[in-house]
J.: 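Here's a structure for you.
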Amino acid sequence: MLDSPRNLSELDHRTFRTDEFWRVIPGWKDVSAAEFGSHLWQAKHSIRKLDQVQSILGDRISPSFIEDIAAGLRIAPMNVRITPYVFSLIDWDNPTDDPLRMQFLPIASQMLPDHPYYMADSLYEDVDSPVPMLTHRYPDKVLFLPLTTCPVYCAYCTRSRIIGGSTESVDKDTYGPNPENWEPAFEYLRTHPQIEDVVISGGDAFNLTPRYIRLIGEKLLAIPHIRRLRYATKGVAILPMKILTDNEWLDALLDIHRRGRELGKQVVIHTHFSSPREITQYSLDAATKLFSEGVHVRNQAVLQEGVNNSIDEMVLLTRKLSYMNIQPYYVYIHDMVPGCEHLRTTLWDGVQLEKNVRGTTAGFNTPTFVCDAPGGGGKRHVASYEYYDRENGISAWSSPNVKPGELFLYFDPLHRLSPEAQARWNDSDSRMAMIHDVIRRSDYEISEKARTKIARRLEGGAVATGGKR
Ligand SMILES: *Cc1c(COP(=O)(O)O)cnc(C)c1O
Ligand code: SF4
């Protein structure tokens with residue numbers, strides 16, 4: 001269940017940390033504010049290996065906790081990558097419950113077996129891909145993935161099948177930025193006049209050099225029917241210093257933004273704060289700088305157990321973002337991808353949070369809570385399911401404008417269900433009966449072809465493979 005609100009003060013969101021919070025980390029106690037505030041220092045001291053965690057924290061971390069992380073990394077689909085900024089915001093006196101540690105450093109003792117119906121490519125991004133690095137699911141907008149690296153790696157990444165480097169448990173086809181490989185995507189966009197909107201994601205636009213920021217922006221803005229570009233980066237949240245001190249990168253973005261304005265086209269940033277604890281004075285300064293340049297920033301958060309599935313945390317996040325002139329755009333129900341079952345919440349958490357966040361601030365700053373329907377149904381408002389069996393954690397979704405005639409299923413994490421429901425899930429006959437019951441009760445006309453497709457997927461038992469082209 002959700003924590004009940006503890007009546008957040010209406011001014012709490014206006015407090016931004018200004019202390020030298022990194023100095024409590026033994027390895028960084030002598031680092032000056034000038035060094036810490038430099039994106040180069042941050043990049044150079046990013047943590048990529050477990051032994052760095054140990055050497056930087058010294059005796060502030062117990063050997064058993066290190067062992068727990070090591071065991072987590074042996075099974076996790078993502079490698080470790082954390083900026084010193086985020087690392088020092090973790091409460092190392094209680095790392096077990098810390099929402100930032102949970103997002104970037106999984107520990108084995110909290111991890112759970114994957115859901116029987118998880119998928120490596122839960123959103124069918126590879127299935128709905130006409131040419132490499134491009135997903136075209138909706139009529140007028142596309143997702144472009146020009147690289148597979150990020151300045152941090154999130155334990156819950158929906159794209160862990162390609163992002164976060166190969167790990168002990170998963171081999172990946174990762175790729176760096178390379179303009180030659182982007183040409184088929186550009187050509188597809190040139191020849192599909194219905195497309196107006198390109199999300200430049202990955203991976204993360206912070207890892208594109210200024211030259212590539214310009215190259216992608218110029219190529220896309222030159223296509224007459226493209227009207228909107230979004231550079232997606234978690235960077236504003238986890239490395240705000242880059243906005244403040246990497247002038248070359250920011251200039252490249254601002255030049256594309258200016259060029260877009262001249263052409264009457266929108267160029268914006270989409271960022272990714274999930275917890276109010278990621279926000280400090282650095283975030284406010286970076287957001288204010290982008291705002292003063294006229295760059296609109298929208299935020300997409302991922303709902304996670306123990307991180308932000310409480311009313312207070314979600315209201316505080318929404319208000320802090322609004323205060324910084326970052327528009328809270330979406331909160332996603334966690335996708336059904338491998339290695340992060342412990343971070344998923346129930347759909348019902350999302351429905352309740354939507355109800356409790358709405359009304360706390362301006363409507364245009366109230367995020368839409370969405371479930372991206374597994375199997376490529378696209379983003380759906382959390383309360384728009386066709387049917388939801390809360391007891392057994394099964395919801396059914398339609399998507400009339402994206403995949404007419406199809407029904408999509410989302411499943412709550414089993415550990416959040418009652419012992420009786422868990423027992424039903426463990427028995428394959430009763431499992432099938434429950435799922436088919438939900439399909440039957442869904443008030444949506446499914447095509448015969450779609451019915452066969454669902455049946456095949458369900459009968460496959462553990463559907464553990466991603467969509468293969
Ligand atoms: C999320 C997404 C988009 C953008 O959708 P918006 O709802 O406009 O933010 C575009 N294409 C794909 C495949 C997506 O998953
Ligand atoms: S920043 Fe985005 S793409 Fe990169 S690891 Fe995190 S969730 Fe995945």
Side-chain angles (χ1 to χ4, degrees), residues 76-83 86 100 103-106 121-130 133-165 167 172 174 185 189 194-208 227-239 266 268-274 278 298-304 307 327-335 337 339-340 343 367-381 399 401-403 467:
M78 304 293 283
N79 282 300
V80 172
R81 188 172 292 183
I82 316 178
T83 54
V86 173
L100 302 188
Q103 291 183 87
F104 304 106
L105 271 179
D121 181 18
S122 168
L123 305 182
Y124 274 31
E125 290 182 335
D126 297 340
V127 179
D128 288 345
S129 172
M133 306 182 195
L134 205 69
T135 299
H136 187 192
R137 167 170 311 140
Y138 306 93
D140 67 348
K141 57 187 180 187
V142 296
L143 178 64
F144 176 40
L145 308 177
L147 77 172
T148 62
T149 64
C150 305
V152 294
Y153 287 133
C154 314
Y156 55 90
C157 181
T158 190
R159 254 168 239 140
S160 58
R161 70 188 187 281
I162 49 171
I163 315 271
T167 62
K172 303 179 195 177
T174 56
L189 295 173
Q194 69 272 40
I195 298 166
E196 294 181 355
D197 188 339
V198 183
V199 181
I200 304 152
S201 184
D204 193 301
F206 257 33
N207 281 16
L208 290 169
R227 305 281 299 166
R228 298 179 290 280
L229 302 187
R230 331 176 189 176
Y231 284 94
T233 174
K234 191 170 170 67
V236 186
I238 51 76
L239 187 54
Q266 198 184 76
V268 306
I269 290 184
H270 273 210
T271 194
H272 177 185
F273 287 88
S274 282
E278 285 161 323
R298 304 190 188 107
N299 188 68
Q300 314 193 158
V302 176
L303 186 57
Q304 295 159 73
V307 172
Q327 181 196 348
Y329 175 41
Y330 278 143
V331 176
Y332 290 96
I333 299 294
H334 202 301
D335 292 325
V337 286
C340 38
L343 290 172
T368 305
F369 285 71
V370 291
C371 176
D372 212 335
K379 301 174 183 73
R380 312 305 300 169
H381 185 280
S399 192
N401 284 313
V402 176
K403 304 265 168 73

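Both ligands and their constituent atoms are indexed starting at 1 by order of listing.
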J.: Which of the atoms of ligand 1 are close to Tyr330, meaning less than 4.0 Å from one of its heavy atoms?
T.: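 It comes down to these atoms of ligand 1: 6 (P), 7 (O), 9 (O).
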J.: Salt bridge between Lys141 and Asp197, side-chain N to carboxylate O under 4.0 Å?
T.: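 No.
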J.: State whether Asp140 and Arg228 are salt-bridged, where the test is any N-O pair (Lys NZ or Arg NE/NH1/NH2 against Asp/Glu carboxylate O) under 4.0 Å.
T.: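 Yes, charged N to carboxylate O under 4.0 Å.
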J.: Below 4.0 angstrom, N of the basic side chain to O of the carboxylate: do Asp121 and Arg161 qualify?
T.: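 Yes, Asp121 and Arg161 are salt-bridged.
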J.: Mind checking the CZ-OG spacing from Phe144 to Ser201? Nearest 0.5 Å is all I need.
T.: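 These two atoms lie 11.0 Å from each other.
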J.: Without hydrogens or angle criteria, can the side chains of Thr149 and Asn207 be said to hold a donor-acceptor pair below 3.5 Å?
T.: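 Judged by distance alone, the side chains do pair up.
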J.: Which value, rounded to the nearest 0.5 Å, describes the distance between His270 atom NE2 and Thr233 atom OG1?
T.: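 Nearest 0.5 Å value for the NE2-OG1 distance: 12.5 Å.
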J.: Would you mind checking which non-hydrogen protein atom is closest to atom 4 (Fe) of ligand 2, with the distance to 0.1 Å?
T.: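 Of every protein heavy atom, Cys150 SG, 2.3 Å lies nearest to atom 4 (Fe) of ligand 2.
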J.: Mark up the atoms of ligand 1 that fall under 4.0 Å of a heavy atom belonging to Tyr329, in ascending order.
T.: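 Counting from 1, the qualifying ligand atoms are 6 (P), 7 (O), 8 (O), 9 (O).
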J.: For atom 5 (S) of ligand 2, find the nearest protein heavy atom and state the residue, atom name and distance (0.1 Å precision).
T.: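 Of the protein heavy atoms, Cys154 N, 3.4 Å lies nearest.
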J.: His136 versus Gln194: any side-chain heavy-atom pair under 4.5 Å?
T.: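 Yes, close enough: below the 4.5 Å cut-off.
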J.: What is the nearest protein non-hydrogen atom to atom 8 (Fe) of ligand 2, stated with its residue, atom name and distance?
T.: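 Going by distance alone, atom 8 (Fe) of ligand 2 is nearest to Cys157 SG, 2.3 Å.
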J.: Tell me which one of Arg137, His270, Arg230 gets a heavy atom nearest to atom 8 (O) of ligand 1.
T.: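 Comparing heavy atoms across Arg137, His270, Arg230, the nearest one to atom 8 (O) of ligand 1 lies in Arg230.
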J.: We want to know whether Thr167 and Asn79 form a side-chain donor-acceptor pair, criterion being a heavy-atom distance below 3.5 angstrom.
T.: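 There is no such pair between these side chains.
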J.: If the cut-off is 2.8 Å, does any N/O/S atom of His272 fall short of it from atom 4 (Fe) of ligand 2?
T.: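 Short answer: no, not a single N, O or S atom is under the cut-off.
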J.: Only heavy atoms of Met78, strictly under 4.0 Å: list the atoms of ligand 2 that pass.
T.: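 Here the atoms of ligand 2 in question are 5 (S).
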J.: Contact between Tyr138 and Val402 at the side-chain level, heavy atoms closer than 4.5 Å - yes or no?
T.: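 Yes, their side chains come closer than 4.5 Å.
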J.: Specify the protein heavy atom at minimum distance from atom 15 (O) of ligand 1: its residue, its atom name, and the distance to 0.1 Å.
T.: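 The closest one turns out to be Lys379 NZ, 3.1 Å.
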J.: Where is the nearest protein heavy atom to atom 12 (C) of ligand 1: which residue, which atom, and how far?
T.: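 In this structure, atom 12 (C) of ligand 1 has Tyr138 CE1, 3.6 Å as its nearest protein heavy atom.
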J.: Any idea which atoms of ligand 1 are less than 4.0 Å away from a heavy-atom of Thr135?
T.: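 Result: 13 (C).
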J.: Hey, which atoms in ligand 2 end up nearer than 4.0 Å to a heavy atom of Lys234?
T.: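 What qualifies from ligand 2 is 1 (S).
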J.: Tell me: protein heavy atom nearest atom 5 (O) of ligand 1, and distance?
T.: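 Looking only at protein heavy atoms, the one closest to atom 5 (O) of ligand 1 is Lys141 NZ, 3.2 Å.
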